[in-house]
Structures are given as structure tokens and as C-alpha cells.
Amino acid sequence: MARTISVKRARSIDKEPYLKGLNVEQSATVLSPFSPLMVIAGAGSGKTKTLTARVAHMMQQGIPASAIMLLTFTNRAAANMIQRVEKQVGPESRRIQGGTFHSIAYRYLRQHATKLGYPERFTVLDRDDAESFMKSIIAEVSAQKSAHKMPRAKAMLKLMSYAINTHTHLNEVVLERAPQYLAVSEILAEICSLYIQRKIDRGFMDFDDLLINWFRLLDDSDTHSEMTRNVKAVLVDEYQDTNVLQAQIVDALVSKHRNITIVGDDAQSIYGFRGADVRNMLFFADRYPECATQTLTTNYRSSPEILSLANVTLENARYGFKKELRATRDAGEVPALVPCADSGIQASFIAQHILTLHQEEGVDFDDIAILYRAHAHSIDIQVELAREGIPFVVRSGLRFFEQAHIKDVLAFLRIVENPRDEISLARLARLSEGVGEVTASRFATYFRGALDHVQVQEKGGRRIRCVDALHNEDFQREIAALRARARKGLEKINRILEVLDRVSQSEKPSKCIDVVTAKEGFDYLSLLERKFDNPKDRKADIEQLADYAEGYESLTEFLNDLSLTQTAGVSAKDSGDEESSAVTLSTVHQAKGLEWRAVFIPALVEGMFPSEMALREGKAEEDERRLFYVAATRAEETLIMSYPQVKHLRDGTRVMTHPSRFIEEARDEDILDIWSLNIEDVELDGAENRLEGSGVARPTLMR
DNA sequence: CCCTGGGCTGTTTTT
DNA sequence: CAGCCCAGGG
């Protein structure tokens, strides 16, 4: 029988709890706005408040807004902070340079990329693009070399990226993280250098390149002074998640005036897998001995019971600044631990308990979140939420711009923008019937060859355009020589590219999308019907994309914003009611910096959270621990953790699970309330008809 | 050379 | 359970 927990809840929520902690703002303003400051801020201790107060203070002390650079983890975070500053000191603050490392790097590189041998209009490769590019290189190289087992493109990129972001030699990374490839390490190095070379040639920059190239420009004394002339103060949020390269960029930015403010929580460093290194923060004071240090451990967010759990988790951590979070809220509920028979029961429990919270305690759906370790853990829950008619938003999984149909449309625009983009060329070719991988790559090669020819002919400064290839006689001859089936399709693509090239000269990006979708254009919408099984949804997506494009004048801005804006990938499914309060589903990683009244953490089982994969990677237990800490400290009042006691394997057998070590540690301390479920079997009443397709939300575009 | 279907594998987190 | 590899027919 379920143990009944009666809950008394303060109905009125302090809208601005941080105001109580005036000392937070004081700390930011008492200290000189011209000298280094490190703020070690625990979860929920008013980090954002501190940063905004300091920025406002800097402006009041005469540093112009345009000379302040605010580096954050997401572009949204920067925008929010700038808005807050605006409230304090006025519209001038809109001139603050704010955003992620990558987006700010991009802004600088737009002006200076040619100095690095890049074409003026380069293309930003997202993860997906980088992967297909790498895949083709690996295929090419391993066709020449012996048939050793080679890493997948994804794995290869991961190794490379890790090497770059931690300044480690590739061989060392291979030795440490993928010893199975030691035998082919020479081939890997070759792939690596081919990849690097070709990126420059094609005008591609991947996410790592944005950072490397920014650093390179800063490292050169001529460009350094040009690029830092207008930077008088640098503030970095979430500093614990910077990698070596990012720390070096920051150091280079402030090398003249040393006016740097960093804010972070070493206990929330969760991006080790990406090369993030807490030591940047732990040894910050060694690099800036003149810096003042502030430690904020008063927590304004969570109940004391939730913080006890967080503190236990932290105590068991192996390294970091010692700190214990002190609560300012009144006593509330003890965090709950709910063992469930299996993940299906867990999903039912969560859905039903959300309804209870909503109906009996008046908790808004907006104030509830479900935070999990990996996207896959949310599938059961999504189905169950849909069944119960609970509106929800998924902030994880496949992103809007990563879907095949969106990429198809964008591929047209990308070639017009950068005709050397062979990833998009091959992608387009494959849209035609009778064109497979082989013909597609030939098409790209022919196109490419034609461009090179033009380049040789006229060395003038004129930008290469795709008509240059289309009008080339060799290219036309090569296409004409193809088999009839493939030729017809490719000729159509060439016609469309020609139209697009012209349209793009004078019209907005949205007009270009029209050319791709319109019946008299490429007629992509008809192709969609044949190609996918849910054409309606996808058509709607493309309309949304066109809508979104309306906001842009320049194709360049539009395309690169898309590559840099990963946030837009959000999916929602609200069952009917338009007033869009919805439960948030998110990975813990993406929930960083956010907070909710009630938080569910499911799947707290050894192997899932902490994840088995991560544990295999050596010192990652600490990362997983901090991840759990981040998850727990998102909750203000209610924290409900659960785990399935049995796991169903593929072959139908069932295995007992072990509760997560983070749970066991807390259980020993007697700070959890254990609930048991009373399971009642209910006939389904056709409510499942409400589910569409798989019952799992699809990405849509959100701003 | 393209396409399809069957069998097998491997499965995290992201700017 | 999706994505990859391979074999075989068109």
C-alpha cells in the first residue's frame, strides 16, 4: 500500500527571491569593475543577478556597453542578461557584445576569415554536416589502405575534437580513449589532416574551427590589437565548463587590461566529455593572482530538504572547492524516492502524479520538469503523458534543423551561398531518382572541377558563384554523358540552382525557399509525399522554416544563424488547450541554469544514471555525480526521484536493476522519503487513440 | 549502378 | 529500434 504523504505547501511564491540576498549585488559592485573577479557560486545562489549587477556597475563607471563582452553558455542566456541590465541602466546596454563563444567567434571571423585563407563566405558545419563530410573522407582513405577496422565518422570526430579542445596530440587521445585504433593511428592522422585541409578548401568551419580560428587571430600580434581594441571588459558565465582553448581565448582577450570576471560552480562542471576542464577554474587565482574571490553559498532556490540531498552528493565528490549550500527557504517536503516495478509503471506514476500536483496542489504545468540522463529515457514517459492528455515540451533529442526534409531544403540555399559545399551538392543530387551514392559524389566532383576551372581562368577577386559551374562546358558535357534516368533529375537540379542563384542576388532568403518548394520550381513538397510517411507534418515544418526566414535579409546570416542556433530544436505536443502551459522534458545537461517548482528525475539506476558508457571512460564518475547534483538542485519545492526495479532486455528476459549509487548514498543518510506504489490495473478506454504515430513528440520550431 | 530487404550491431551528454 | 552492411534482382 502506498505510504500517503500529506503535503502542505506555501501557495504564494516569492517572485524575486534573490532580492532578499542583497549581498549578492553588493559583492558585484563593491569590488572594482576594472580588476579581475572570480565568483564561485553554488547552485541557485544568484549567479545571474551577480553578473548583471556587475555589468551595470561597469557601465555606470564609464565602460561603454559596446566594449563589454559577455560570454555565456547559450545565446539565450546572454540575451536574458542583457535584458536585465537594460532594466537597470537603459537601452545603451543593448550594445553589449553577448553570446556563446561560438557565436561571437563567428562575428569576428566574418570580418577576418580571409586572413586565414578562408573564402569570405564560409559555411558553418553543424555536427551532422561534419559527420557526413568526415564519413566521405574515411571511406576514401580506407578504400586505398588495407582493410583494418576503422572508426566511424562520429567516433573519429570525437577523438579529433577532444584532442583539439584539450591541446593533446591525437595519438595520445587514441591511446587513452580508443586504444583499439592504435594499430591504424597513422591512417587516422592522415584522415585528420585531409579533413583539416579540405575544410579550408571547401570553405567549411566546424564548431571547433570557430574557436581555433578565433584564437589564431588573437594569437597574431597584428590582428590581436585590431580585434581587442574595443574590448575593455570580459565576463564569462559557467566558467567551469570552458575547455583549454576557450580559457586561452579569454586570456588573450584580456591580456592588455586584465579586466575579467568569471562566474561558475565547479560542482556543476558536466561537460568533461567535450574537453571542459574544471582546472581552468580551480587554478584561476594562480593565473590572476590579483583577482578578488567571492564565494556564494547561500541558496535562494531550493528547500532545505532538497539541499541536504545536494550537500550529501557534494560531500562524496572527490575534488573541488569545499562548500556547503545554506538554505534560505522554509522547511518543505523531503525528496521522494519511488521504486517502480518497471519503466512502464514509472512512466504511469510520473504522468499520474503530475496530474495530482496539478489538480490538487495547483502546480502549473510550466512549473514541472522531468530531467533525465539520455533522450531515450524519455520515450515511455512521452507516450504516457500523451495518453493522460498532459501538455509537454521536449527540449532534447532530434532538433528541428537536423531533420532530413529541413536539411534538403537548406541544401539548395547553401550551395548558392557557397558553391564549394560538396556535402550539400551530394545531398541534392541524391534527391533525384536513379541517383545513388556513386552518381551523387560524381556530380559533386564534376561541379567542383568546373569551379576550379573557372578559378584558374579568372583570378580576379570576384566571388565564385554556382552559375560558374553550371555554365561550364565540361560540366555540361559530363552531366550529359550520364545515364538517362540520373541525367534528367540532375538537369532539373541544375535549372533550379540557376534560378536560385539569380533570385538570391536581389531577393530575401524566404523567396529562395519558395523556389525550392513551389510547383513550378523544384516542387519539393510533392517529392516529400513520395519520400516520407508523414508528409503533412513535414510540410508544416517547411512552412515554419519559410516563416522564420522572413526575418532575414541576407542568406549568409540566415544559414549561419541556423547552424549556430541549436536552441530552436524543441518539440511540443499540447493536447488541445491553446493556453500553452506545458511540462518540460529535458536532459539534465540542457536543464542547466533553469529551475522549476517540481522536478522528476526518473531512471536512477546504475548504468542509466550514472550512465554505463560514461563510467567506462575512467574518471567520469565525478562528472556523473555533478550531473546528478545539477539535476537535484533544479527543484525549488518538490523533488521526486524514481527508478525501475526490473529491466526488460531485448530477448524478453527481465533483469533486476541496482539503484543508482547517488541514491544509495543519500538513502544511508536518511534524507529521502521512500514511497511505494499500489498498482491498479485499469482497462484502457480508447484514450490511446489520441496518440498520433509513435506517440513521441516531433521537433518543431520555437523561438 | 540503383534499390530493396534481411540480418546484425550497438546504444550519452552538446556549443 | 535505427542505422549499417551485404547480397541479389532489375
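Hydrogens, waters and symmetry mates play no part in the numbers below; they use all other heavy atoms, side chains included. Here the structure is a predicted model, which is why all the values come from computation and not from measurement. Throughout, a chain's letter reflects where its sequence line sits, starting with A, and its residues are numbered from 1.
Remark: A:Thr100, A:His102 in residues 96-105 of chain A come within less than 4.0 Å of DNA chain B through at least one heavy atom.
Picking from B:dT14, B:dT12, C:dC4 the nucleotide with the shortest atom distance to the side chain of A:Lys158 gives B:dT12. The listed nucleotides are B:dT13, C:dC4, B:dT15; the one nearest the side chain of A:Arg127 is B:dT15. Distances were taken from every side-chain heavy atom of A:Ser611 (C-beta onward) to each of C:dC4, B:dT12, B:dT13; the shortest belongs to B:dT12.
Taking 4.0 angstrom as the limit, A:Thr587 places a side-chain polar atom (N or O) nearer than this to OP1 or OP2 of B:dT14. Dashed line: the shortest gap from a side-chain N or O of A:His375 to OP1 or OP2 of C:dA2 is not under 4.0 Å.
Using the six-membered ring where Trp is involved, A:Phe522 and A:Tyr524 have ring planes that are parallel, under 30° apart on the 30 and 60° scheme. A:Phe73 and A:Tyr271 have tilted rings, their planes meeting at an angle from 30° to 60° on a 0 to 90° scale.
Atom C1' of nucleotide B:dT15 and atom CG of A:Asn243 are separated by 10 Å, given to the nearest angstrom. Between the NE2 atom of A:His377 and the C1' atom of B:dT13 there is a distance of 11 Å, rounded to whole Å. Whole-Å rounding puts the A:Arg274 CZ to B:dT13 P distance at 13 Å. Distance CD1 (A:Ile379) to P (C:dA2): 9 Å, rounded to an integer number of Å. Rounded to a whole Å, the NZ atom of A:Lys154 is 10 Å from the P atom of C:dG3. We find that CG of A:Leu627 is positioned 10 Å from P of B:dT14, with the value rounded to whole Å. In this structure, A:Glu624 places its CD atom 12 Å from P of B:dT12, rounding to the nearest Å. Atoms CG (A:Leu371) and C1' (B:dT12) sit 16 Å apart, rounded to a whole Å.
Taking CG of A:Leu425 as the reference point, atom OH of A:Tyr446 lies at 14.0 Å (rounded to 0.5 Å).
Within the 4.5 Å cutoff, no side-chain heavy atoms of A:Asp126 are placed close to those of A:Val124. With a 4.5 Å cut-off on side-chain heavy atoms, A:Thr242 and A:Val250 do not count as touching.
Put simply, the side chain of A:Arg625 never gets that close to the backbone of A:Phe662: no donor and acceptor are under 3.5 Å apart. A donor-acceptor pair under 3.5 Å links the side-chain atoms of A:Glu606 to the main chain of A:Arg661, judged by distance alone. In this structure, A:Arg626 contributes its side chain and A:Ile270 its backbone to no donor-acceptor pair below 3.5 Å.
The aromatic ring of A:Tyr271 does not stack onto the base of B:dT13, failing the criterion of a centre distance under 5.5 Å from the six-membered base ring together with planes under 30° apart.
Other residues, nucleotides and ligands contribute only 12 or fewer heavy atoms inside 6.0 Å of the CD atom of A:Glu433.
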What string of B, S and - do you get for nucleotides 1-7 of chain B 5' to 3' if you count protein non-hydrogen atoms under 4.0 Å? SSS----
